[in-house]
Structures are given as C-alpha cells and as structure tokens.
Protein chains: 2
Amino acid sequence: MTQTDTVSRILDAAEVLFAERGFTETSLRTITSTAGVNLAAVNYHFGSKKELIQAVFERFLTPFTETLAAELDRRVAAGEALEVEELLDALFRGGVAGLAAKGRDPQRFMRLLGMAYTQHQGHLRRYIVSRYGDSYRRFAGLLSRALPGIDPVTFYWRLYFMLGATIFTLSSFDAIDAILREDFDAQSSLPETLDRLVLAAAAMLRADSGD
Amino acid sequence: MTQTDTVSRILDAAEVLFAERGFTETSLRTITSTAGVNLAAVNYHFGSKKELIQAVFERFLTPFTETLAAELDRRVAAGEALEVEELLDALFRGGVAGLAAKGRDPQRFMRLLGMAYTQHQGHLRRYIVSRYGDSYRRFAGLLSRALPGIDPVTFYWRLYFMLGATIFTLSSFDAIDAILREDFDAQSSLPETLDRLVLAAAAMLRADSGD
DNA sequence: GCAAAATCAAAACAAGCGTTTTAATTGTTG
DNA sequence: CAACAATTAAAACGCTTGTTTTGATTTTGC
C-alpha cells in the first residue's frame, strides 16, 4: 500500500463519515478501521484530527472555487452584462459540476459546509473564510451589480438567506426527497432542485423592498 | 436549594451551552459546574443526557407552538382570507414573541433548532416531528391556500428553502450582524431582520415557476 | 545491495466521557 | 419528634477519546 493510497483512503472514509455524523461524533478509530489502515496513520500523515478535517475540506474547496472562477471568467469575457439567474447558475451548476468532475459528491460537500457553520469548529470557519474569501467577494460583487439600486444592507442579508436555503436544503437533500416521495409520490433530482433554487433565489433577491 | 431550582438551573445552563457548542461538545460536567449543581443531578432528575436535551427543547417548543396556534386562530377567526405576508408574520413575529414572553431567547431557539437538524441526533428529530408535526401541517396548509395555483412539489421545496434561510440566518444572527457592523458600519436588530425575511420569503414563495 | 528514510503496525498513555453506586443531608408527613 | 422519602454530594466504574511511543517493515537513493 503506497502512501497516496493510505492518505486518500483516510480522506475518503473521513469525508463520508464526517458528512454522516459530524466531526466530534466520528472517532479516528472508526475512520481508520473503515479505511482499513492503522489508527496511528491519521496522526502520522495529517498531524491531528483538526488537520484531517481541514484536508477533507481542501479537497472540496479547491475544485469548487476553481470551477466557479472559470465559469465567471468565461461569462465575463463574453462581454454582455450578467443577469442574476446567470450568476446563480454559474454558482450552483458550475460549482456542482466542478465537484462532480473531480469525483466529489456535491451533496456531501453541502452537508460538510453546513456542519462547518453549525458545529462550533472555530478553526474550520477561519480556514474556510481564508480559502473562500476572494471567491465570495468576487461573486457578491458581480451579483450586486446585477441588482441595480438594491440597498446594500438588504442585499447583504438576502445573500445569507440564499446561503442558508442552499446549504440547508442540499445538505438534507436525501431526507427531504424521501419525505417528498412518501407524501406526494413524487421525487426530485438534484439538477431539478438546483433549478428551483435558482428561480426562487432570484425572485427573492429581486424582491421590492420599498426603500 | 429546592428541586425546581436545581432542575431549572440545569436547563438554563444546558440551553446556553448546547446553543454555543452543540450537544456532543458539551459535557455533563460542564453543564453541572456552570449550573453550580452536582454532576449526578442530571441523571437523577432527567435520567440521561438525551432526555435532558429533549427537556431543553420542550421548554422552547411549547410556548412557540402555542403562540403560533393562537396567532393563527385569531387571524382565521377574523374571517378574511389570509395573505402570505400575514402568515409569515404570524410565524416569525408570533412565534418569536411567544418565546420572548416566556423569557426564552428566540435566537438561541433557532440555533438549537438548526443543530437538531444538523447534528445527527436521531432521537431529537423524531421527538421534534412528533411534537411539531401538527403545527407544521396546519401552517403549511394555510400557506398553500394563500398561494393559489402553485405546484405542490414546488411549494414543498420552497418551504424548505424558507426554513433553511430562517434557521441558518437567525441561528448565526450575532455573527452575521458582527460582519455587517465591520464591513458596512451598519447593524440590524432582530425585528428588522425578521421584516426582511418576511418580505424576501414571500417574494420567493410567489415567484412564477412557469409551470 | 546496502544504508537511510519513510511508512506501517501494535500497544500503551493520559484524559475525558456518561453513568452508577453509596452515603450524607435535607424536607415532608403522621 | 420520629420515620420516611426526596434530594444532594462524593467517589468510583467502565469505556472511549486523541495522541504518542516503540519496533518492525517497506521504500528510496546511491
């Protein structure tokens, strides 16, 4: 078993288990036995559990931000003014597609992202902001330009409304879809849900606030 | 120190600590030492940590659902058809006011609610659904009647979008407001944010889905 | 093919966890 | 006031946690 094998086997197992149960509820023993490696391998290769958690995020964040940046570049280069729907599409579809292309499950990414915000892991929030900050600011800038005349504070809060709707819905996608199947005898695919999300978020962002 | 003292001191401490750090990250020793009571008191009065967690939620859910029901009764009795904004207002302001009236911090409730969804506590989700289910169904029924012609599946998803935006935003209200203060030199009160939320959610719910 | 470095494996470590047990103390009731 | 029940207190139990240590085993570079 080569080094890269062990490292990526640990990352694979940790990613799945963290997304299922959270960080504290997942022990290193569960991770290493799932991965089929020795317990000490985590501390050897990553240093600590904290650093393992960050490494799991790194593997998601890199392709996500790269594809988003490329998507934005492409559309900005095309010249025409960017519409709200177009930007949200670049964010949702572009980001998701970028993850899928690298073999990373987008829903799992959303679950982990939600946990990073909820689970009181200070180091993780700081790490994500430092890694995410530029992408976020660029996207927010383009989006606000597509909403001329919007009050900055209103815009600021609506961005968080959208972030909350996205993270919450996608991180619980399977559970929500299961209830849908039971109650309505219908079901939704992830792309369908992203379509609905783009549409709903755009309407929300454009709502007349009367100020 | 009377019994009710010990019990409510434990609940008070647990509520604050759970909302700050999550359930697993908060030990019974931290709770009891914060509350100034003996470690064994939790297991004596509540049985187990799980049951303590549920008791903390019980103290929130009861006033919340009761005030919401009363608000809905009042408006339904008034006769006129209920508008989307009116219903959302009953939910947000009514529910929040009901908590505040009983001395329970609404933001803390939202943080705990978010954790119940994210933290992989199966027993909690089941408990909340059984305690919350009727209120939820009644509210959803009234809301869908205020949105004539909406596709049921679209409505279903948008309800979750709204739930996500609400839980996420309000549970991180302080953190978001802190960034706002730093970047914009502005700040928002909770009532202001609820106003924005009602407005944004209503626009989202009413968005034309073209089907 | 040998020496050095990197990796793996097993065991032990100290600390923290939820819970239980036992005893002392308080409050209540006849 | 005595007797009983309810509550508090202190200590210990068994278990799990993240991390470290110690050797064995590969892999790598010359």
Side-chain angles (χ1 to χ4, degrees), chain A residues 1-58 112 115-116 119-127, chain B residues 1-58 112 115-116 119-127:
Chain A
M1 198 184 291
T2 69
Q3 177 194 347
T4 42
D5 249 10
T6 302
V7 167
S8 65
R9 286 168 66 97
I10 292 174
L11 283 172
D12 288 342
E15 177 181 308
V16 171
L17 291 166
F18 284 154
E20 274 175 5
R21 331 180 178 184
F23 307 115
T24 318
E25 292 84 353
T26 305
S27 70
L28 292 183
R29 282 169 178 80
T30 309
I31 294 173
T32 51
S33 71
T34 302
V37 304
N38 187 271
L39 167 64
V42 168
N43 290 281
Y44 178 76
H45 286 289
F46 296 94
S48 67
K49 189 181 181 182
K50 274 187 186 178
E51 288 165 286
L52 169 62
I53 295 176
Q54 290 180 5
V56 168
F57 273 83
E58 168 71 35
L112 292 171
M115 284 174 180
Q119 300 238 136
H120 194 256
Q121 299 267 352
H123 69 102
L124 234 189
R125 273 179 101 128
R126 269 175 268 123
Y127 172 79
Chain B
M1 198 184 292
T2 68
Q3 177 192 347
T4 41
D5 248 9
T6 303
V7 167
S8 65
R9 285 168 67 95
I10 292 173
L11 283 173
D12 287 343
E15 178 181 307
V16 171
L17 291 166
F18 284 154
E20 273 176 5
R21 331 180 178 186
F23 307 114
T24 318
E25 292 84 353
T26 306
S27 71
L28 293 183
R29 283 169 176 80
T30 309
I31 294 172
T32 51
S33 71
T34 302
V37 304
N38 188 270
L39 167 63
V42 168
N43 291 280
Y44 177 77
H45 286 288
F46 296 94
S48 66
K49 189 180 180 182
K50 275 187 184 178
E51 289 165 284
L52 169 62
I53 296 175
Q54 290 180 6
V56 168
F57 273 84
E58 169 71 36
L112 292 170
M115 285 175 179
Q119 300 238 134
H120 195 256
Q121 297 267 355
H123 70 101
L124 233 190
R125 274 179 99 127
R126 268 175 269 123
Y127 172 79

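Here is the naming used below: chain letters follow the sequence lines, and residue numbers restart at 1 for every chain.
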Check residues 12-22 of chain A and write down every donor-acceptor pair under 3.5 Å in which the side-chain atom is one partner and the other belongs to a residue at least two apart or another chain.
| unit_1 | atom_1 | unit_2 | atom_2 | d |
| --- | --- | --- | --- | --- |
| A/D12 | OD1 | A/R59 | NH1 | 3.1 |
| A/D12 | OD1 | A/R59 | NH2 | 3.0 |
| A/E15 | OE1 | A/R59 | NH2 | 2.9 |
| A/E15 | OE1 | A/R104 | NE | 3.2 |
| A/E15 | OE1 | A/R104 | NH2 | 3.3 |
| A/E15 | OE2 | A/R108 | NH1 | 2.7 |

(request) Measure the distance from OH on B/Y44 to C1' on C/dA23 and round it to the nearest whole Å. (result) 14 Å
(request) May I have the distance from A/I31 (atom CD1) to D/dT16 (atom P), rounded to whole angstrom? (result) 17 Å
(request) Identify the two heavy atoms, one from A/M115 and one from A/F23, that lie closest to each other, and give their separation to 0.1 Å. (result) CB-CE1, 3.8 Å
Distances under 3.5 Å only, N/O to N/O: pair up the protein atoms with those of nucleotides 21-26 of chain D.
none

(message) Any heavy-atom pair between the side chains of B/I10 and B/V42 that's under 4.5 Å?
(response) yes
(message) In this structure, how many angstroms lie between the C1' atom of C/dC8 and the CG atom of A/N38, rounded?
(response) 6 Å
(request) Answer yes or no: is there a side-chain heavy-atom contact under 4.5 Å between B/N43 and B/L28? (result) yes
(request) Measure the shortest side-chain to side-chain distance between B/F46 and B/L11 over non-hydrogen atoms and say whether it is less than 4.5 angstrom. (result) yes
(request) Would you kindly give the CD1-to-P distance between B/I10 and D/dA9, to the nearest whole Å? (result) 11 Å
(request) May I ask you to list the residues of residues 48-55 of chain B, by number, that have any heavy atom positioned under 4.0 Å from an atom of DNA chain C? (result) B/S48, B/K49
(request) Using atom CZ of B/R9 as one end and atom P of D/dT8 as the other, report the distance to the nearest whole Å. (result) 11 Å
(request) Report the distance from atom CG of A/N43 to atom P of C/dC8, rounded to the nearest whole Å. (result) 14 Å
(request) Only counting residues at least two apart or in another chain, list the ones meeting side chain to side chain donor-acceptor pair (under 3.5 Å) with B/T30. (result) B/S27
(request) Taking only heavy atoms on the protein side, list every residue of residues 17-30 of chain B lying under 4.0 Å from any atom of DNA chain C, sorted numerically. (result) B/T26, B/S27, B/L28, B/R29
(message) Is B/T6 close enough to D/dT8 that one of its side-chain N or O atoms is under 4.0 Å from OP1 or OP2 there?
(response) yes
(request) Calculate, to the nearest 0.5 Å, the distance between atoms CD1 and CG belonging to B/I31 and B/L52 respectively. (result) 5.5 Å
(request) Kindly write out the residues that satisfy side chain to side chain donor-acceptor pair (under 3.5 Å) with B/S48, not counting sequence neighbours, or none if the list is empty. (result) B/E51
(message) Under the side-chain contact (heavy atoms from CB on, under 4.5 Å) test against B/L124, which residue among B/L112, B/V56, B/I53 passes?
(response) B/I53
(request) Examine D/dT8: is either OP1 or OP2 under 4.0 Å from a nitrogen or oxygen in the side chain of B/H45? Give yes or no. (result) yes
(request) Round to a whole Å and report the spacing from CG of A/D5 to P of C/dC8. (result) 9 Å
(request) Nearest whole angstrom, please: distance from the P of C/dT7 to the CZ of A/F46. (result) 12 Å
(message) I'd like to check the side chain to side chain donor-acceptor pair (under 3.5 Å) partners of A/T24; sequence neighbours left out, ordered by chain and number.
(response) B/E25
